[in-house]
Amino acid sequence: MSSIVWFRRDLRVEDNPALLAGVRAGPVFAVFIWAPEEEGHYQPGRVSRWWLKHSLALLDSSLRSLGTCLITKRSTDSVSSLLQIVKSTGATQLFFNHLYDPISLVRDHRAKEVLTAHGVAVRSFNADLLYEPWDVNDDNGRPFTTFTAFWEKCLNMPFDPEAPLLPPKRIISGDVLTCTTDVLVFEDELEKGSNALLARAWSPGWSNADKALTTFINGPLIEYSKNRRKADSATTSFLSPHLHFGEVSVRKVFHLVRMKQVLWANEGNKAGEESVNLFLKSIGLREYSRYLSFNHPYSHERPLLGHLKFFPWVVNEGYFKAWRQGRTGYPLVDAGMRELWATGWLHDRIRVVVSSFFVKVLQLPWRWGMKYFWDTLLDADLESDALGWQYISGTLPDGREFDRIDNPQFEGYKFDPNGEYVRRWLPELARLPTDWIHHPWNAPESVLQAAGIELGSNYPLPIVGIDAAKSRLQEALSEMWQLEAASRAAIENGTEEGLGDSSESVPFAFPQDIRMEENIEPARNNAPATTRRYEDQMVPSITSSLLRGEHEESSLYLRTSAEDSRAEVPGTVNINREQRRDTLNQAIPETVRNPQLNFPIGLRNAEDSTAESSSSSRRERDGGVVPVWSPPSSSYPEQFIGEESGIGASSSFLQGHPQSHQILNWRRLSQTG
DNA sequence: TGGCGGTTCAA
DNA sequence: TGAACCGCC
């Protein structure tokens, strides 16, 4: 009875329930499958791949010291690869830990179906969250729609998060000779130079994650609340990349931090307690990001507030490029963007500054910014980043006010009062006195001259004035509300006929019959402590929200996404769509196959975009295009894909998407509900 | 102690 | 913009 333990973003041996289940069941084949194409345009960027490479190496050596090794596979279809491994090894069981991003939800569900059909016993576990998303509900049994309420509930659940599991003492290895290993390539020659720098600042891998955790808890944690306002203080936990790849268990983090909390509470250490609460809140946000992704699988590409669909984003390549290069003319923003580019890292505060600037001042579609973060951040994480950008963009029920513009000049003096951060990342401003460091455009000519600055030449003038941005934002908002009202009126007139008549229009639906059962392990059901832990992965279902009579956006997206999402996806991912469909058809029953969610593969190619790129301030609805995904070998491309039909996007939106009338205001819904 | 205005800070 | 907080009279 040998088993496959399928590692994904749980690259650790400690507190790894899937690994432990495998070890208990007998000989183990530890497997990692590298199938980036499955992630569509959210394939890991350069720095993420660098991290992964090192993390896997460490996992492998840990597994070796325990008695087995990591089998790696290069694949374009994880499920097929699993099946191959089953066939070659004769394994009869598969264990893995849950993931909650939309692609994994579908892929993992499919893995269960397919392998079960081949006689393999499949079990999955929670290793990524304090509580499973489906366990945290309000008094009416519904999912929360605001973070604060969600987190309060988490902190007051009737049962504590599971205590972390110890690593196995020894692993009996399956006969690894029955299974070939592929050499995985995570970086190309061009990337090696840049990647070499990363190793100076970061040490991937679970044992290093453990060290980082200990260091943080015994050091900076107590000052967390005090220091978190500084742009460049080295006092954050630096755990996020470790957490992203599951090198450290969030439950371990939680328990250790809680112990400190008790200690400091007893000592009456107020600052310490506050720090703990704040830090736990950031853990909570990570939880909430999974929660949102599970409950709204489109949160990485659609605003959760329906009316934001109508916001006329500014589609301006020049702005986008200036932002990426740190040449917006706002020192704090530019410093942040240069740090991000150089290091793959940004302090949380600065992430808020640059993304807020992106959305509110430049009014570029937030999904572009999110995609850029995805490509450049060391801790890029689809769920967390989607939550962050939606929050900043004001597209969540509890997000920031949409019409609020933060002024980078004032934020500069708040987070970087002495200008040290700006001077570090913007050498051209290094000699500018602090009085002007965050608003050089106001500085007297003599001061600029003395500092060797020529605005518009070696440092840009502000790309957009704050006042201009404010009035443009007001215009855009009133346009948005007009469109929203028009669309609502259309519903009342019954003009929105023909909705949802084809199967295409419900591409994301999980038919009721494929919803997962909650229990799979009848033998264990008597033991309350374990039933919860071993509860099977749930799959979000359109049925539940429709039954509740909620027409919130996710059910809307279920209707509209087939067409426009496919059109949105950038085209440089080199996969032959037809081929892929064929393999899918072989592998899974028609009922599960889901054209939208399985693999958002690009239909468009680069030529399409060049045709568009001349119109540099095109506007369009919905933020529906994203920058071209950069293949591993090239640098980030300067062009991006235009809307399908080009310039007429905004006017054609309503005609093209009559179903969008279904959108109601999310906030209103949650109030009545 | 309490009411007031200025300040801070938003997940 | 508005609630929470703080220091002052």
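Below, read A as the first sequence line, B as the second, and so on, with proteins coming before strands; counting in each chain starts at 1.
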Is any side-chain N or O of A:Asp406 under 3.5 Å from a base N or O of B:dA10, one able to act as donor and the other as acceptor? no
Kindly say whether the aromatic ring centers of A:Tyr372 and A:Trp374 come within a distance under 6.0 Å. no
What is the separation between atom CG on A:Leu278 and atom P on B:dT8, rounded to the nearest whole Å? 18 Å
What's the CD-C1' distance between A:Glu411 and B:dT8, to the nearest Å? 14 Å
Can you tell me the distance, in whole Å, between the CG atom of A:Asn407 and the P atom of B:dT8? 16 Å
Between A:Glu287 (CD) and B:dA11 (P), how many Å, whole number? 18 Å
How would you label the contact of A:Asp403 with the nucleic acid (heavy atoms, under 4.0 Å): base, sugar-phosphate, or nothing? nothing
note: A:Glu152, atom CD; B:dA11, atom P; distance rounded to Å ~ 13 Å
Examine A:Phe310 together with A:Trp481 and report whether their ring centres are nearer than 6.0 Å. no
Centroid-centroid under 6.0 Å between A:Phe147 and A:Tyr391 rings: no
Approximate separation, where rounding is to 0.5 Å, of A:His438 NE2 and A:Gln409 CD: 9.0 Å
Please give, in whole Å, the distance from C:dA3 C1' to A:Asp398 CG? 16 Å
Using a heavy-atom cut-off of under 4.0 Å over every strand shown, decide if A:Arg349 touches base, sugar-phosphate, or nothing. sugar-phosphate
How would you label the contact of A:Tyr391 with the nucleic acid (heavy atoms, under 4.0 Å): base, sugar-phosphate, or nothing? base
Could you state the atom-to-atom distance from CG of A:Leu477 to P of C:dT1 in whole Å? 14 Å
In whole angstrom, what separates A:Phe279's CZ from B:dA11's P? 18 Å
